[in-house]
There are 2 protein chains.
Amino acid sequence: MKDFSEKQRNIINAAIELIAEKGIQQLTIKNLSKKIGTAEGAIYRHFDSKFEILVGILKLFRQNKDEALQNLKTKEKSSLQKIESLLSARFRQFSENPAIASVIFSEEIFQNEKSLANEVYEIMVESQKGIETIILNGQSQKQIREDISAEQLTLLITGALRLLVTQWRLSEFSFDLQTEGQKLWKSIYKIVTK
Amino acid sequence: MKDFSEKQRNIINAAIELIAEKGIQQLTIKNLSKKIGTAEGAIYRHFDSKFEILVGILKLFRQNKDEALQNLKTKEKSSLQKIESLLSARFRQFSENPAIASVIFSEEIFQNEKSLANEVYEIMVESQKGIETIILNGQSQKQIREDISAEQLTLLITGALRLLVTQWRLSEFSFDLQTEGQKLWKSIYKIVTK
DNA sequence: AAATAAAGTGAGCGCTCACTCACATATTAA
DNA sequence: TTAATATGTGAGTGAGCGCTCACTTTATTT
């Protein structure tokens with residue numbers, strides 16, 4: 001699994017932005033080259049096919065997720081603090097790069113190709129497993145209520161996170177995501193600590 | 001706003017199934033006519049354009065939502081019972097018609113066209129307003145906790161519902177949605193009643 | 001400075017797309 | 001029964017798609 005060159009990252013970022021702006025159906029090589037400011041053919045010096053660009057987007061998302069989870073493990077924090085960190089890091093990332101917010105929870109984009117759809121699902125499951133593990137830890141340390149399973153709490157937390165981001169996007173970023181994200185965290189805190 | 005003819009409903013349902021199976025990019029007039037068993041041209045006797053078929057899908061979703069909310073108003077139930085009814089009705093609907101589950105929460109399908117994307121957002125907001133109203137009622141009757149706003153509780157409930165359905169779809173319907181839906185309701189019940 | 005490699009260019013290829021239209025067939029009205 | 005209307009058919013149209021390739025330009029190595 002090699003890393004991307006600078007040009008490749010440019011192309012991937014432009015692709016994410018294009019999808020965010022116009023939807024997957026407008027992610028064409030022509031539009032992509034226009035966005036980057038090169039001829040169409042140039043793209044094929046860096047990617048074998050359009051498919052590989054989509055693969056690249058998912059690879060980037062997977063890296064982000066791995067980094068976020070890895071980052072937490074090194075720190076000395078309580079389970080609740082870890083969850084708060086994860087959430088606020090997410091909201092910050094999306095605020096700084098709204099295009100990612102528009103693509104990362106849109107599984108439909110990759111539904112065209114079976115192998116991509118599967119990758120999307122795997123990333124989602126792994127990401128939630130990370131949160132579930134933190135919650136399980138919090139439960140065994142009696143910081144998080146135990147009358148609701150870690151799986152269910154994860155579903156509630158992740159679901160709300162996703163929906164909030166989706167609303168932010170569909171409303172054309174009409175509210176401050178980080179502010180609303182903090183509100184959400186306060187609610188989650190009340191709920192998980194009972 | 002006229003109702004659809006039988007042929008039009010056939011076409012809309014086939015379109016939903018196609019999107020569910022192969023993604024929006026495979027919703028082509030050729031594939032659609034193959035699915036229905038007619039020639040391509042026949043479709044244009046019932047819809048002016050492919051765009052109008054997408055509009056039709058959204059119209060159907062809006063009708064479903066309106067009916068579900070209207071249905072509840074007539075019944076004599078507590079707020080908590082109403083929410084449970086809403087959720088279980090949803091899960092039943094999706095179990096019986098998985099294709100709808102695959103499309104209804106995939107907002108990016110309609111992202112291609114600004115007017116459609118807006119419609120999608122409106123339906124979402126209205127749907128949540130319905131739940132929020134029920135929760136507000138439950139709060140004023142002291143059946144639902146008041147230390148978390150109705151808006152936030154709606155976000156948590158709706159988010160979890162959506163995510164559960166999405167997981168069910170991405171896992172290729174690998175678990176029983178209604179069973180998991182009941183589990184979710186039990187968790188939600190514990191949370192909202194404190 | 002010359003040679004080699006890497007990156008960019010854009011016309012053009014085969015293909016699929018949404019959609020049209022002249023015609024055929026089925027349904028309803030007179 | 002005939003006329004009128006609605007519906008179905010499928011080859012055809014121009015446009016746009018992903019992608020290729022002969023060629024040019026830029027960067028790197030000798």
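Any value given below was found using the heavy atoms of this structure, including those in side chains, with hydrogens, waters and symmetry copies removed. Here is how names work: the chains are called A, B, and so on, in the same order as the sequence lines, proteins then strands, and each is numbered from 1.
- To the nearest 0.5 Å, atoms NZ (Lys82(B)) and CD (Glu76(B)) are separated by 8.5 Å.
- Considering NZ of Lys186(B) and OG of Ser149(A), their distance stands at 11.5 Å, rounded to 0.5 Å.
- Taking every nucleotide of DNA chain D with any atom under 4.0 Å from a non-hydrogen atom of chain B, the first and last of them, 5' to 3', are dT7(D) to dG10(D).
- A heavy atom closer than 4.0 Å to some atom of DNA chain C occurs in Thr38(A), Ala39(A), Gly41(A), Ala42(A), these being the qualifying members of residues 19-43 of chain A.
- Judged by distance alone, the side chain of Trp168(B) and the main-chain N or O of Phe175(B) form a donor-acceptor pair under 3.5 Å.
- When the side-chain nitrogen and oxygen atoms of Lys7(A) are compared with OP1 and OP2 of dG8(C), one or more of them lie within a distance under 4.0 Å.
- Checking Thr28(B) against Asn31(B) by side-chain atom types alone, a donor-acceptor pair falls below 3.5 Å.
- Donor-acceptor pairing under 3.5 Å is recorded for the side chains of Gln128(B) and Gln167(A).
- By the 30° and 60° cut-offs, the orientation of the rings of Phe47(B) relative to Phe4(B) is tilted.
- Residue Phe47(A) contributes atom CZ, which lies 13 Å from atom P of dG8(C) at whole-angstrom precision.
- Aromatic rings of Phe61(A) and Phe110(A) (six-membered ring for Trp) have centroids beyond the 6.0 Å cut-off, not under it.
- A donor and an acceptor atom, one from each side chain of Ser187(A) and Gln152(B), are located under 3.5 Å apart.
- Residues Leu72(B) and Leu136(B) do not share a hydrophobic cluster, clusters being chains of Ile/Leu/Val/Met/Phe/Trp/Tyr side chains in contact below 4.5 Å.
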Candidate pair Gln26(B) and Gln111(A), rule side-chain hydrogen bond (donor to acceptor under 3.5 Å, both in side chains), full reasoning: CA-CA 10 Å; Gln26(B) 292 303 314; Gln111(A) 209 182 339; over 6 Å; no

Can you build the contact string for nucleotides 23-29 of chain C? Use B for base contact, S for sugar-phosphate-only contact, and - for no protein heavy atom under 4.0 Å. -------

